[in-house]
Amino acid sequence: MATFLYRLGRGAFRRRGLVALVWVALLFAAGFGAATASAPTSGSFSIPGTEAQKAFDVLDKKFPGMAADGATARIVVKAPAGASVNDPKYKTEVEKIVSGLKEGPGKAEVASVTDPYQAHAVSQDGSTAYVSVKYDVTGMELKDDTRDALKDIGTAAKDAGLTVEIGGDALMTAPETGSGEIVGILIAAIVLVITFGSLVAAGLPLLTALIGVGIGVSSITALANVLDLGSTTSTLAMMIGLAVGIDYALFIVSRYRVELAAGRERDEAAGRAAGTAGSAVVFAGLTVVIALVGLAVVNIPMLTKMGFAAAGTVVIAVLVALTLVPAILGFAGKKVLPAGTKSRLFGKGRPAGAEPKPNGGTRWARFVLRRPVMVLLVGVIGLGAIAIPAGKLEMGLPDDGAQPVSTTQRKAYDLLSEGFGPGFNGPLMVVVDGDKKLADATEARIKGLEGVAAVMPPTPNEAGDASVITVIPKDRPSSVQTEDLVHTIRDGSGDDVLVTGATAMNIDFSQKMNDALLPYLALVVGLAFLLLMVVFRSILVPLKAALGFLLSVVAALGAVVAVFQWGWLGSVFGVEQTGPIMSMMPIFMVGVVFGLAMDYEVFLVTRMREAYVHGERPGQAVVTGFQYSARVVVAAAVIMIAVFSGFIGASEQMIKMIGFGLAIAVLFDAFVVRMTIVPAVLALLGHKAWWLPKWLDRLLPNVDVEGESLRKHLEGADGSGQGPDKDRELVNA
């Protein structure tokens with residue numbers, strides 16, 4: 001493979017004009033597709049195989065005009081202190097809101113509007129009332145005019161002295177990430193300038209990564225209508241695509257500089273960079289793709305689409321690194337090298353045969369090799385301590401209570417809780433697939449259950465063979481008590497009584513995540529283990545990589561629990577409301593972080609493997625790996641942390657939590673596991689680290705990730721004899 005990538009990189013360099021033109025054309029084509037694509041016709045969310053989904057299916061069949069999965073909104077109205085919404089002047093304003101929803105702009109999409117005075121939706125003290133609105137379409141399908149009319153519906157009531165706030169998924173919009181991602185890119189630029197000492201070399205990874213992400217995200221936007229993609233799909237693709245795009249280009253540019261400074265011709269340097277560092281990029285990209293595509297085993301369409309879309313962006317990032325990066329290097333010339341590089345690299349003025357001055361990576365590796373046991377214990381115990389909160393992990397999906405306190409959704413949530421009780425923010429919908437007798441019996445049984453605040457009378461369909469019972473829990477939707485109530489209703493009912501609604505759907509979603517975690521973990525880690533075994537020709541090295549990853553991801557989950565569930569340092573990260581951890585977070589972190597962590601494992605350890613194959617002792621091979629790669633891996637990790645941290649400023653709790661979780665996981669994995677625990681373990685294992693049974697060695701394909709066949713091919717072709725000893729001096733610049 002190294003020889004193929006060498007030819008690909010050199011060919012892209014020589015035909016740089018054509019290659020650059022093709023990528024720019026792809027960018028314009030994707031951008032045009034995104035600009036001309038119609039808005040998605042559906043933002044549906046389904047969880048196949050769950051009771052909540054079965055209940056929605058029954059509702060669609062037995063209540064065809066109900067729009068069971070349609071958007072909902074609650075206009076919460078509160079009278080001034082000492083007054084009541086039952087006062088005639090305030091009652092008139094509330095009734096204007098009801099009529100405005102029924103007859104005003106957007107009425108074509110309104111399925112039903114509930115008058116609070118007829119539906120007993122007025123609090124006992126008369127201070128608060130709420131108007132319930134049901135739409136025919138989902139929140140993402142609502143027209144802008146309809147959403148704007150909803151936002152403006154309480155203007156006159158506010159002028160009359162009432163407090164009016166709106167909650168529900170009818171106001172659902174794409175999450176705003178703020179300026180944080182721009183800050184992340186700026187930090188990445190600074191790190192690249194420090195790493196390379198050249199503005200051209202620093203700007204190149206950013207440019208190519210942005211082109212790759214632009215193509216990926218624009219393609220997702222263009223296909224959103226066809227593939228029914230959710231609003232967070234492009235955010236995830238941007239987050240991961242930007243991080244790996246910069247990293248992969250960084251790996252190629254770094255190796256190109258080494259080859260160029262060694263005196264090789266520019267096209268030859270580009271070819272060798274693609275043939276060596278490019279191999280690491282390919283296999284690192286494969287691990288990320290495996291992890292993202294593997295999300296399909298969860299069998300939740302939304303998550304599957306997010307995974308495939310992000311995987312497609314990663315594939316684009318790999319192709320950009322292997323073709324566009326060498327092409328742009330051709331335009332950059334030797335400007336990627338800072339002034340005086342060659343004299344510093346080759347030690348002008350240093351006595352002949354003298355050892356080059358050790359760099360930071362060399363010094364760190366030697367320190368670890370002198371004290372491997374101590375370093376290993378400190379790393380493992382430290383991450384283990386941080387992982388302790390993960391044992392108290394509570395999972396759920398964020399509701400309006402997790403919104404920033406400045407939003408109208410959060411204010412409506414708080415007003416409902418104060419006026420009616422927290423359970424009114426998450427009513428349960430009990431679907432009875434049977435006659436009136438079964439519905440009445442179900443109502444009577446639910447009324448006697450602990451944790452129930454109120455039970456509405458059954459609402460039958462026209463045929464009389466199905467009913468809907470609304471149940472108001474005593475506790476907030478995301479509480480353990482509400483979850484227990486849902487299970488209690490289900491356990492005491494037959495197959496004809498189903499519990500659904502947003503709260504029950506969230507509970508089922510969390511359970512499905514729990515059930516899928518171990519199979520998903522086994523699939524992803526198993527496939528990646530086999531892949532790494534092919535790359536490293538070893539059993540213990542891939543095993544160590546997998547175990548180290550598990551340690552870092554559990555520690556990261558512990559940090560997420562401490563911040564978002566317990567509130568530790570919550571104000572620092574903009575956490576305004578603590579609560580359960582997003583139910584997809586563990587499985588999502590396992591998938592994404594595993595793939596990203598393997599980037600550093602592959603890039604760092606392939607250098608060690610290369611040195612070991614060329615005859616170095618195990619300890620010296622570890623030092624050589626750090627000598628070549630430590631600076632680049634540190635830079636790549638800092639860049640990825642900066643990019644992910646930029647999403648902590650997002651307005652949506654889910655995006656904020658994902659950004660924090662991924663950033664802290666990369667921090668732990670890159671700096672504690674890969675840069676600390678990995679060399680300590682390899683030092684203790686010695687030659688055993690690279691052991692592989694002969695029968696297995698014959699079975700595994702030889703992908704030549706170290707570039708050994710490429711080296712022999714090139715040395716035989718040009719007789720240069722340029723070997724690793726000369727190259728090793730280059731990294732001390």
Engineer: To the nearest 0.5 angstrom, please state how far the CG atom of Leu383 sits from the CG atom of Leu551.
Structural biologist: 4.5 Å
Engineer: Taking the side chain as everything from C-beta on, heavy atoms only, tell me whether Phe671 gets closer than 4.5 Å to Val638.
Structural biologist: yes
Engineer: What are the two closest non-hydrogen atoms of Ala189 and Leu206, and how far apart are they?
Structural biologist: CB-CD1, 3.4 Å
Engineer: Step by step, work out the side-chain contact (heavy atoms from CB on, under 4.5 Å) result for Thr606 and Phe536.
Structural biologist: CA-CA 7 Å; Thr606 48; Phe536 296 129; 3.7 Å; yes
Engineer: Compare all side-chain heavy atoms of Arg609 with those of Trp690 and state whether any distance is below 4.5 angstrom.
Structural biologist: yes
Engineer: For the residue pair Ala559 and Ile664, what are the closest heavy atoms and their distance?
Structural biologist: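 So the minimum-distance heavy-atom pair works out to CB-CG1, 4.2 Å.
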Engineer: State, to 0.1 Å, how close Gly212 and Val320 come at their nearest heavy-atom pair, and which atoms those are.
Structural biologist: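 Between these two residues, the closest heavy atoms are CA-CG2, 4.2 Å.
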Engineer: Has the side chain of Ser538 got a donor or acceptor atom that lies under 3.5 Å from a matching backbone atom of Ala689?
Structural biologist: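 A pair under 3.5 Å: yes.
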Engineer: Is a donor on one side and an acceptor on the other found under 3.5 Å between the side chain of Tyr520 and the backbone of Ala296?
Structural biologist: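 Between the backbone of Ala296 and the side chain of Tyr520 there is no qualifying donor-acceptor contact (under 3.5 Å).
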Engineer: Return the minimal non-hydrogen interatomic distance between Ala663 and Ser645, and the atom names on each side.
Structural biologist: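 It is CB-OG, 3.5 Å.
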Engineer: Donor-acceptor check, side chain of Trp566 to backbone of Pro389, threshold 3.5 angstrom: yes or no?
Structural biologist: no
Engineer: Determine whether a donor-acceptor pair (N or O, by modelled atom type, separation under 3.5 Å) exists between the side chain of Glu394 and the backbone of Ile581.
Structural biologist: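 Flag not set: sc Glu394 to bb Ile581 has no pair under 3.5 Å.
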Engineer: Anything under 30° is parallel, anything over 60° is perpendicular, the rest tilted; go ahead and classify Phe603 against Phe251.
Structural biologist: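 Ring orientation of Phe603 relative to Phe251: parallel.
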Engineer: Would a distance-only check, ignoring hydrogens and angles, find a side-chain to backbone donor-acceptor pair under 3.5 Å from Gln620 to Gly615?
Structural biologist: no
Engineer: For residues Leu521 and Leu550, determine if any side-chain heavy atom of one lies less than 4.5 Å from a side-chain heavy atom of the other.
Structural biologist: yes
Engineer: Would you mind reporting whether Leu199 and Val193 have side-chain heavy atoms less than 4.5 Å apart?
Structural biologist: yes
Engineer: Which atom pair, heavy atoms only, marks the closest approach of Gly625 to Leu604?
Structural biologist: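 Taking every non-hydrogen atom into account, O-CD1, 3.9 Å.
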Engineer: Does Leu696, at its CG atom, have more than 12 non-hydrogen atoms belonging to other residues, nucleotides or ligands within less than 6.0 Å?
Structural biologist: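 For Leu696, atom CG is crowded (more than 12 foreign heavy atoms under 6.0 Å).
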Engineer: Take Ser279 and Leu5 through the test side-chain contact (heavy atoms from CB on, under 4.5 Å) and record every step on the way to the result.
Structural biologist: CA-CA 7 Å; Ser279 297; Leu5 294 177; 3.7 Å; yes
Engineer: So for atom CZ, which belongs to Arg617, do other residues, nucleotides or ligands contribute more than 12 heavy atoms lying within a distance under 6.0 Å?
Structural biologist: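 Count not over threshold, so no.
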Engineer: Ignoring hydrogens, what is the shortest heavy-atom contact between Pro205 and Thr208? Give both atom names and the distance.
Structural biologist: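 Answer, listing the atom of Pro205 first, then Thr208: O-OG1, 3.2 Å.
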Engineer: Is any NZ, NE, NH1 or NH2 atom of the basic residue among Lys544 and Glu601 found under 4.0 Å from an Asp or Glu carboxylate oxygen of the other?
Structural biologist: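 A salt bridge is present here (some side-chain N lies under 4.0 Å from a carboxylate O).
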Engineer: Okay, side chain of Ser629, backbone of Phe626: is any donor-acceptor separation there less than 3.5 Å?
Structural biologist: no
Engineer: Would you say the ring centroid of Phe660 lies under 6.0 angstrom from that of Phe564?
Structural biologist: yes
Engineer: If you apply the rule side-chain contact (heavy atoms from CB on, under 4.5 Å), what do you find for Met608 with Thr624, and how did you get there?
Structural biologist: CA-CA 6 Å; Met608 299 179 189; Thr624 299; over 6 Å; no
Engineer: For the side chain of Ser254 and the backbone of Leu250, is there at least one donor-acceptor N/O pair under 3.5 Å apart?
Structural biologist: no
Engineer: Report yes or no: does Arg371 contribute a side-chain atom to a donor-acceptor pair with the main-chain N or O of Leu376 at less than 3.5 Å?
Structural biologist: no
